There are 2 protein chains.
Amino acid sequence: MTATLPQPERPEIDAIVEMILYLYTESRRLTKGMASGFGLTGPQLTILKLLESFQDLSLSTLSERIRAQNSTVTGIVDRMEREGLVRRERSKADRRVVYLRLSEKGARLAREIQVEPMEIFRSALLSLSSTDLRDLLRILTKLQRQVVARVAQDGQKKSDGGDRT
Amino acid sequence: MTATLPQPERPEIDAIVEMILYLYTESRRLTKGMASGFGLTGPQLTILKLLESFQDLSLSTLSERIRAQNSTVTGIVDRMEREGLVRRERSKADRRVVYLRLSEKGARLAREIQVEPMEIFRSALLSLSSTDLRDLLRILTKLQRQVVARVAQDGQKKSDGGDRT
DNA sequence: TCACGATGCTTCGTGTACGAAATATTCGCT
DNA sequence: AGCGAATATTTCGTACACGAAGCATCGTGA
């Protein structure tokens, strides 16, 4: 499984990992700073903008979109509801489902905020040539495929039971 | 500042942001899973391996390396100290500084754990051709430069005072 | 129909993660 | 020497973030 080739690429790999970490954490930090100007946290801004774009998001759909667990989103929505930004609405079709809606105040705030989450990262991407952009997308796609495959394998191992708690 | 060009790249940019998010969160999640097999959390594994490589890391040096605030690392180290994995040691030269050292137990555990943090991401990178690897590094470097520049600007604005709390 | 597993959400306990304020120490300057 | 700014760390309050357990509801099959 682990390659036995010599790895002259080690320093390059370390550098790449470092940069991804940098780009991610810095974007997160700046989004947070942006959000705080409106009395929001980073995740709250993200959710606010999502609810502005998509009406009728259920809590689990929202969780998937932002790659968080339901229990995490429950908490964030609690706080946003407390602030009067969103409302919970039980689905009539399936009473287990909770739909999230922006309140007037929430909708107003969403309109007022002109930036996307990860805005800095996006605007940095815009500065790349279209060739670089295409290459980046292509390579990242390959990477993602690799990771997805490994995750699938891992998930299988777990349900096969070859696993100590 | 924001370009007024037409942006046919919008979907590409969204896709790239998505992928970075995916790669980061998934790597984090798998690192965590790995760590839990040894009774550790993700950040604890990261710190354990760092302390194995570098002796005499001060708390702030460590914070910088993992891109976290001092107050965050204080907490993580508290818990690791409680578990008997690390020791705090005041520097004699500068009594404000705290150096972190692995205990016997910590060192043993570090030796036992053969993987790096973000291991999945690293191994996915290894599957790329060296051309792709070079290109990726080159493009990410450009991106990072852009983000650094924007962060520097932002930092300056703040100290210039053009800022509401 | 009615037991029962699956699904959607919440609750709870623990561990990050951050910023602001507090504390201790060092350094620069006079 | 000694005062005030700067630095290293901790403390505190709040907000994620996750997994496990709990609750309500839905769907299916006997």
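Every heavy atom of this structure was used, including side-chain atoms; hydrogens, water molecules and symmetry mates were not. Lettering follows sequence order; numbering is per chain, from 1. Keep in mind that this is a model prediction, so the values were computed, not measured.
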| task | Run the numbers on B/L59 and B/T74 for side-chain contact (heavy atoms from CB on, under 4.5 Å), then give the verdict. | result | CA-CA 8 Å; B/L59 192 136; B/T74 292; 4.1 Å; yes
| query | DNA chain C: A/R29 or A/S58, which has the more 5' nearest nucleotide? | reply |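 Looking at DNA chain C, the more 5' nearest nucleotide goes with A/S58.
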| said: Taking the nucleotide of DNA chain C with the nearest heavy atom to each, does A/T74 or B/Q69 sit closer to the 5' end? | reply: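 By nearest-heavy-atom nucleotide position, the 5'-most residue is A/T74.
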Spacing between [X] atom [atom1] and [N] atom [atom2], to the nearest angstrom:
X	N	atom1	atom2	answer
B/D94	D/dT7	CG	P	12 Å
A/E64	D/dC18	CD	P	13 Å
B/R90	D/dT7	CZ	P	18 Å
A/L40	D/dA15	CG	P	12 Å
A/M34	C/dC18	CE	P	19 Å
A/L100	C/dT10	CG	P	8 Å
B/L30	D/dG19	CG	P	11 Å
B/L57	D/dA8	CG	P	14 Å

| If you take atom types as modelled and just measure distance, does the side chain of A/R96 reach the base of C/dT7 with a donor-acceptor pair under 3.5 Å? |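 Indeed, a donor on one side and an acceptor on the other fall under 3.5 Å apart.
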| request: Under 4.0 Å between any heavy atoms, over every strand shown, what does A/S71 touch: base, sugar-phosphate, or nothing? Just pick one. | output: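 The residue A/S71 makes base contact.
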| Is B/R28 touching bases, backbone alone, or none of the nucleic acid, heavy atoms closer than 4.0 Å? |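 Sugar-phosphate contact only - B/R28 comes under 4.0 Å of backbone atoms but never of a base.
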| Within-4.5 Å side-chain heavy-atom neighbours: A/R122 and B/R10 |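 Yes, side chains in contact.
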| field | Check: A/L51 and A/I47 side chains under 4.5 Å, non-hydrogen atoms | value |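 A side-chain contact under 4.5 Å exists here.
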| request: Mark yes or no for whether A/R90, through its side chain, and A/R96, through its backbone, hold a donor-acceptor pair below 3.5 Å. | output: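 Yes; judged by distance alone, with no hydrogens or angles, the pair exists.
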| request: Specify the residue among A/G42 and B/L59 whose closest nucleotide of DNA chain D lies further upstream toward the 5′ end. | output: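 The answer here is B/L59.
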| query | Does A/K92 or A/T72 map to a spot on DNA chain D nearer the 5' end, using the closest nucleotide for each? | reply |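 This one resolves to A/T72.
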| field | Strand-adjacent residues in residues 75-85 of chain A, judged by heavy atoms under 4.0 Å from DNA chain D | value |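 By residue number: A/I76, A/R79.
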| Are A/E81 and A/R88 close enough for a salt bridge, meaning some N to O gap below 4.0 Å? |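 Salt bridge flag = yes for A/R88 with A/E81.
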| query | Less than 4.0 Å between a side-chain N and a carboxylate O, is that true for B/E18 and A/R65? | reply |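 B/E18 and A/R65: not salt-bridged.
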| request: Would you tell me whether A/T61 and A/S58 have side-chain atoms, one donor and one acceptor, within less than 3.5 Å of each other? | output: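 There is such a pair between these side chains.
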